[in-house]
Amino acid sequence: MALYIFCPIMICNILGLGCCLLSQGALADPTGRWGTASDLMAAGLPLLAGTATLVNNDTEGTRQLLLSAGSAVAAAEVLKSTVHSTRPDGSDQQSFPSAHTALAFSAATFIDRRYGAQYGAWTPALYGVAALTGVARVEADKHHWVDVLAGGAIGWGAARFWSEPVQGGRLTVLPTRGGLAVGWARGF
């Protein structure tokens, strides 16, 4: 019951803080504000997932979260050191893939898979924050769209691999003629 209240409050705080940072002086330093917002969202989602494991006294869930997030970030870092893609701002050659987005999607997917029955109503918001993390990385001039799409796929795949499904929603991404179709469904 406690996380039913905590979950929406934390999601609202993550989104609210990100929006405040973006609106405060966005004209003066828009890329810096987007970068800060992406940092907060990429850290906030794993913190929320970790809090869920603590509230539920779920040692196995903690292990699965660590494996999901750790393997997502490790895979992203291995690819960064292998691919050598230049960032849009030219700062280095660590653009592909986005580790921020990989971490955010691994946390959102972990919560969906592990605690979907309890917090399934918040699943779209969790994936929304993860997606906004990717948008923020592009707007911060740190990544190209392909970087954040790859990062999201890595994070989603890592959490799908490591976390055990506990009745919850299901995110589906399918290729279509004009792009991608995204769907979310939950059994009742």
Side-chain angles (χ1 to χ4, degrees), residues 3-4 7-8 10-11 14-15 38 41-83 95-138 143-176 179-188:
L3 196 53
Y4 276 116
C7 188
M10 182 128 178
I11 291 170
I14 292 169
L15 285 174
S38 68
M41 290 182 287
L45 284 171
L47 282 173
L48 178 63
T51 301
T53 65
L54 292 174
V55 167
N56 287 289
N57 197 25
D58 185 5
T59 308
E60 178 61 21
T62 302
R63 185 184 74 77
Q64 291 176 15
L65 173 62
L66 291 172
L67 287 168
S68 298
S71 63
V73 171
E77 292 302 322
V78 166
L79 282 169
K80 282 177 182 290
S81 65
T82 305
V83 174
S95 186
F96 183 86
S98 169
H100 281 72
T101 311
L103 182 59
F105 269 93
S106 72
T109 305
F110 167 80
I111 294 171
D112 178 30
R113 298 263 300 163
R114 187 77 181 160
Y115 304 114
Q118 286 176 275
Y119 316 122
W122 294 101
T123 300
L126 294 168
Y127 283 115
V129 172
L132 186 57
T133 302
V135 170
R137 296 305 289 167
V138 171
H143 289 287
H144 304 281
W145 283 108
V146 69
D147 303 338
V148 297
L149 289 172
I154 289 167
W156 181 81
R160 295 282 299 179
F161 182 80
W162 290 111
S163 59
E164 291 179 5
V166 178
Q167 183 180 8
R170 174 169 295 171
L171 180 71
T172 306
V173 181
L174 299 170
T176 64
L180 293 174
V182 179
W184 182 80
R186 180 170 182 236
F188 293 98

Minimum heavy-atom separation for [X] to [Y], with atom names?
X: Thr101; Y: Gly152; result: CG2-N, 3.6 Å
X: Leu79; Y: Pro97; result: CB-CD, 3.4 Å
X: Pro46; Y: Ala107; result: N-CB, 3.6 Å
X: His143; Y: Ser98; result: CE1-CA, 3.5 Å
X: Val146; Y: Phe96; result: O-CE1, 3.9 Å
X: Ala121; Y: Pro124; result: O-CD, 3.6 Å

Just how far is it from atom [atom1] of [X] to atom [atom2] of [Y], taken to the nearest 0.5 Å?
X: Ile111; Y: Leu126; atom1: CD1; atom2: CG; value: 5.0 Å
X: Glu164; Y: Phe110; atom1: CD; atom2: CZ; value: 10.0 Å
X: Tyr115; Y: Asn56; atom1: OH; atom2: CG; value: 5.0 Å
X: Leu103; Y: Leu45; atom1: CG; atom2: CG; value: 8.0 Å
X: Phe105; Y: Ile154; atom1: CZ; atom2: CD1; value: 12.0 Å
X: Leu54; Y: Thr62; atom1: CG; atom2: OG1; value: 6.0 Å

Report, one line per pair, each donor and acceptor closer than 3.5 Å where one atom sits in a side chain of residues 67-76; sequence neighbours left out.
residue	atom	partner	partner atom	Å
Ser68	OG	Gln64	O	2.8
Ser71	OG	Leu67	O	2.7
Ser71	OG	Ser68	O	3.3
Ser71	OG	Trp162	NE1	3.1

_Looking at Thr109 and Ser106, would you say the former's side chain and the latter's main chain have a donor-acceptor pair under 3.5 Å?_
no
_Exercise: do Ser38 and Arg137 side chains pair donor with acceptor under 3.5 Å_ = yes
*Thinking salt bridges, do Lys80 and Glu77 make one under a 4.0 Å N-O criterion?*
no
